Amino acid sequence: MTEDLPLYALRLGDVLTAHDWVEMRLHRLLGSRWRAVMTEDSPEAGFFGFLLWMESFRQDPAGTLPEDDVELAALAGIGGQHARWAGLRGAGPGEGALYGWRPCIVEDPGGGPPVRRLAHRTIAEIAERGFERQAARRGASAEGTERRRLNRVKARLRNTALRRASADSDRVAARVLAWLDERRLQITQANVQAAIEAISEENVYEFDMTGK
């Protein structure tokens, strides 16, 4: 039953971009039981298992694999070689090339039914941290973009009848920018002037228009 399976930390849609990088916990990998088992019992399974690790970071959500053997073989680079994949995947769950992988449940934020995927404890930790880094970078990038837009508005406010203190105010620039965005207008001198006039008509005390 799906309700008996662990819930994966990331949800459908939580993917890493093609330009992202992931951690390689070198000491943990080299000292792991996985390395000992693969080196001694099946180096070939270890090789394809490692490829599946890497492929999992490109899946949706990041750090998971499908349960279907046809899809798994394709991800491992041996699609169509069913007998070969059957020998590599291991006799039971979490063995062979799928060493450490176990079924889990992934939530659909769109309201659809949860789906079953395969998850690996170590890979899941790395994927979650990678997704958090990606989200932080995107947030910083969005903040930087907004700051640049505010500065563009300020540059045009300095060419109006506003006092310099008002023209350099984040509050004033944000008010003008919001007015422009509501009307899908570009940040031009004429549009900024129109914004000032319109906002001043709505609230005569909004801006200090007494001159520079």
Side-chain angles (χ1 to χ4, degrees), residues 1-139 141:
M1 298 291 290
T2 57
E3 56 266 26
D4 297 327
L5 297 175
L7 183 66
Y8 194 64
L10 302 181
R11 304 186 298 174
L12 288 177
D14 291 345
V15 298
L16 298 176
T17 66
H19 302 291
D20 228 87
W21 62 275
V22 294
E23 301 173 22
M24 177 57 66
R25 299 182 180 178
L26 188 60
H27 294 293
R28 186 171 177 179
L29 172 62
L30 294 178
S32 67
R33 186 174 183 276
W34 173 84
R35 182 201 179 191
V37 170
M38 292 299 105
T39 301
E40 181 176 343
D41 294 345
S42 180
E44 186 182 24
F47 170 76
F48 287 107
F50 185 77
L51 290 182
L52 288 174
W53 285 12
M54 299 300 102
E55 285 289 349
S56 74
F57 293 117
R58 304 199 298 178
Q59 295 294 298
D60 182 6
T64 66
L65 289 172
E67 286 191 295
D68 183 73
D69 280 318
V70 174
E71 294 181 71
L72 287 168
L75 289 174
I78 52 174
Q81 302 179 45
H82 305 303
R84 186 181 184 190
W85 169 248
L88 292 170
R89 80 181 314 283
E95 297 181 6
L98 293 177
Y99 185 92
W101 292 89
R102 296 287 190 277
C104 70
I105 290 300
V106 177
E107 287 185 324
D108 180 358
V115 299
R116 282 176 58 116
R117 301 280 291 178
L118 295 177
H120 187 292
R121 185 180 63 180
T122 301
I123 300 302
E125 293 172 4
I126 296 173
E128 187 174 356
R129 285 170 59 88
F131 186 75
E132 290 173 354
R133 281 196 308 271
Q134 176 178 274
R137 283 199 303 274
R138 287 177 175 172
S141 177

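Since the model is a prediction, treat every value here as computed from it, not as a measurement.
When all heavy atoms are compared, the tightest approach of Ala127 to Gly63 is CB-CA, 3.8 Å. Of all heavy-atom pairs between Leu52 and Ala97, the closest is CD1-O, 4.1 Å. Considering all non-hydrogen atoms of both residues, Ser56 and Trp101 come closest at CB-CH2, 3.6 Å. Heavy-atom minimum distance, Ala45 versus Gly96: CB-C, 4.1 Å.
Within the 4.5 Å cutoff, no side-chain heavy atoms of Tyr8 are placed close to those of Ile105. Taking 4.5 Å as the limit, some side-chain heavy atom of Leu5 sits within range of a side-chain heavy atom of Pro103. Under the 4.5 Å side-chain criterion, counting only non-hydrogen atoms from C-beta, Pro109 is in contact with Leu12. Counting only heavy atoms from C-beta outward, the side chains of Val115 and Asp108 never approach each other to under 4.5 Å. Counting heavy atoms from C-beta on, the side chains of Gln59 and Arg117 come closer than 4.5 Å. Using a 4.5 Å heavy-atom cutoff, the side chains of Thr122 and Trp53 are not in contact. Residues Arg116 and Pro66 form no side-chain contact, since every pair of their non-hydrogen atoms from C-beta on lies 4.5 Å or further apart. Between Leu65 and Leu75 the shortest side-chain heavy-atom distance falls below 4.5 Å.
Between Arg58 and Glu55, at least one side-chain N (NZ, or NE/NH1/NH2) sits under 4.0 Å from a carboxylate O, which counts as a salt bridge. With respect to Arg89 and Asp69, a salt bridge is recorded, a charged nitrogen being found less than 4.0 Å from a carboxylate O. Residues Arg84 and Glu44 are paired through a salt bridge, judged by an N-O separation under 4.0 Å between the basic side chain and the carboxylate.
With hydrogens and angles disregarded, a donor-acceptor distance shorter than 3.5 Å links the side chain of Gln134 to the backbone of Val15. Checking side-chain atoms of Asp60 against main-chain N and O of Gly13 turns up a donor-acceptor pair under 3.5 Å.
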Query raised in the report: What's the verdict on side-chain contact (heavy atoms from CB on, under 4.5 Å) for Trp85 and Val70, showing C-alpha distance, side-chain angles and the deciding distance?
Result: CA-CA 9 Å; Trp85 169 248; Val70 174; over 6 Å; no
Requested in this report: Evaluate the side-chain contact (heavy atoms from CB on, under 4.5 Å) criterion for residues Leu98 and Leu72: first the C-alpha distance (whole Å), next the side-chain angles of each, then the deciding distance (0.1 Å), finally the verdict.
Outcome: CA-CA 9 Å; Leu98 293 177; Leu72 287 168; 4.0 Å; yes
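Interatomic distance, Phe47 CZ to Leu88 CG, rounded to the nearest 0.5 Å: 11.0 Å. Interatomic distance, Asp14 CG to Glu128 CD, rounded to the nearest 0.5 Å: 9.5 Å. Note that the CZ atom of Phe57 and the CD1 atom of Ile123 stand 4.0 Å from one another [nearest 0.5 Å]. Distance check, rounded to the nearest 0.5 Å: CD of Glu125 to CZ of Arg121 gives 6.5 Å.
Heavy-atom neighbours of Glu107 CD from other residues, nucleotides or ligands within 6.0 Å: at or below the threshold of 12.
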